[in-house]
Amino acid sequence: MTVRRLLIALCLLCMTSVVHANSYEASLSSARLGDTRQLVNLLNRGIDPDTIDAQGNTLLLIAAREGHVQTVRAILQYRVNVSHRNLAGDSALMLATLGGHRAVVDALLEAGADLDHDGWTPLIYAAFQGHLDLVEKFIRRGADVHALAPNQSNALMFAARNGHIQVVRRLLQTDIDLYHQNDRGFTAETWALANGNTDIAALIEQERQRRRPIRLEIN
């Protein structure tokens, strides 16, 4: 190869790298801003639909986190990994739940997003934030109410801690463990009391009394 051809080849390689880098940044920006048209154009030109950023967020996670339902629906057409979790352990469904983006949650559920896995779960996030409708939706879809966050707290415990009484009422209708303790030794009832949520603590104690087996004394 002559020096001239070598220089041309190197120039073309550099140009290709620059174009790829620009497309990569543009795809992340499009997902973040909800620019569906530009993102679809980039995907059709060959950008990997499971492209990730430095935090392990895919295009789907980014769009879901921002609540861009049209962009989410567009990305889902490219057979992406709908249950991918970023470096923090969050999935697109979890981030949509945390932000209260109901339409995005529905789109992800229809696409088969996982409800149950290790660590934080969509149900725990919904309970933490007090999103009663999402708690109801996840329970009806079979979410595991016994799932535990990394600090060993369940959904009831977070709802009790944060004062979400309607969520607590709904979770008390399940067989969730009322006596479970997290890594700080709190139960749902004692965590509620520690945060001044005495009405919630009273509800939990009432349910504990209701569940307590009746002992019959035989004379």
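Numbers here simply count residues along the sequence, with the first being 1. As the structure is a computational prediction, the values presented were derived from the model and not from experiment.
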Please walk me through it: do Arg85 and Asp90 pass salt bridge (Lys or Arg N to Asp or Glu O under 4.0 Å)? CA-CA 5 Å; Arg85 297 166 70 186; Asp90 292 327; over 6 Å; no
Under the criterion side chain to side chain donor-acceptor pair (under 3.5 Å), I'd like the reasoning laid out for Ser30 against Gln38: C-alpha separation, chi angles, the key distance, then a yes or no. CA-CA 6 Å; Ser30 297; Gln38 175 171 280; 2.6 Å; yes
Is there a side chain to side chain contact (heavy atoms under 4.5 Å, CB included) between Thr187 and His180 once you walk through the steps? CA-CA 6 Å; Thr187 64; His180 178 77; over 6 Å; no
As a quick check of understanding, evaluate side chain to side chain donor-acceptor pair (under 3.5 Å) for Asn57 and Asn86, giving each step before the final call. CA-CA 5 Å; Asn57 295 301; Asn86 62 19; 2.7 Å; yes
Side chain to side chain contact (heavy atoms under 4.5 Å, CB included) between Asp114 and Ser91, worked out: CA-CA 9 Å; Asp114 290 339; Ser91 66; over 6 Å; no
Please test Leu115 against Leu123 for side chain to side chain contact (heavy atoms under 4.5 Å, CB included), starting from the C-alpha separation and ending with a verdict. CA-CA 8 Å; Leu115 275 174; Leu123 176 61; over 6 Å; no
Side chain to side chain contact (heavy atoms under 4.5 Å, CB included) for Leu108 and Leu60? Distances and angles first, verdict last. CA-CA 10 Å; Leu108 293 168; Leu60 182 63; 4.1 Å; yes
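With sequence neighbours left out, the side chain to side chain contact (heavy atoms under 4.5 Å, CB included) criterion links Asn41 to Arg45.
Annotation for Arg211: atom CZ counts as buried by contact number, over 12 foreign heavy atoms lying within 6.0 Å. Within 6.0 Å of the CD atom in Glu136, the count of heavy atoms belonging to other residues, nucleotides or ligands exceeds 12.
Met94 belongs to a hydrophobic cluster whose other members, connected by ILVMFWY side-chain contacts under 4.5 Å either directly or through intermediates, are Leu98, Trp120, Ile124, Tyr125, Phe128, Met157, Phe158, Phe186, Trp191.
With hydrogens and angles left out, the side-chain atoms of Asn151 and Asp183 include no donor and acceptor closer than 3.5 Å. A donor-acceptor contact under 3.5 angstrom links the side chains of Asn44 and Tyr78, judged on distance only.
The side-chain heavy atoms of Leu109 and Arg141, taken from C-beta on, include a pair separated by under 4.5 Å. With a 4.5 Å cut-off on side-chain heavy atoms, Asn197 and Leu193 do not count as touching.
One finds the OG1 atom of Thr36 at 10.5 Å from the CZ atom of Arg73 (value rounded to the nearest 0.5 Å).
With Asp50 contributing its side chain and Asn81 its backbone, the two residues share a donor-acceptor pair below 3.5 Å.
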Please report, to 0.1 Å, the donor-acceptor pairs under 3.5 Å made by any side chain of residues 62-70, with sequence neighbours excluded.
unit_1, atom_1, unit_2, atom_2, d
His68, NE2, Arg32, O, 2.9
His68, NE2, Gly34, N, 3.4

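What you find for Ile47 and Leu43 is that their closest heavy atoms are O-CD2, 3.5 Å.
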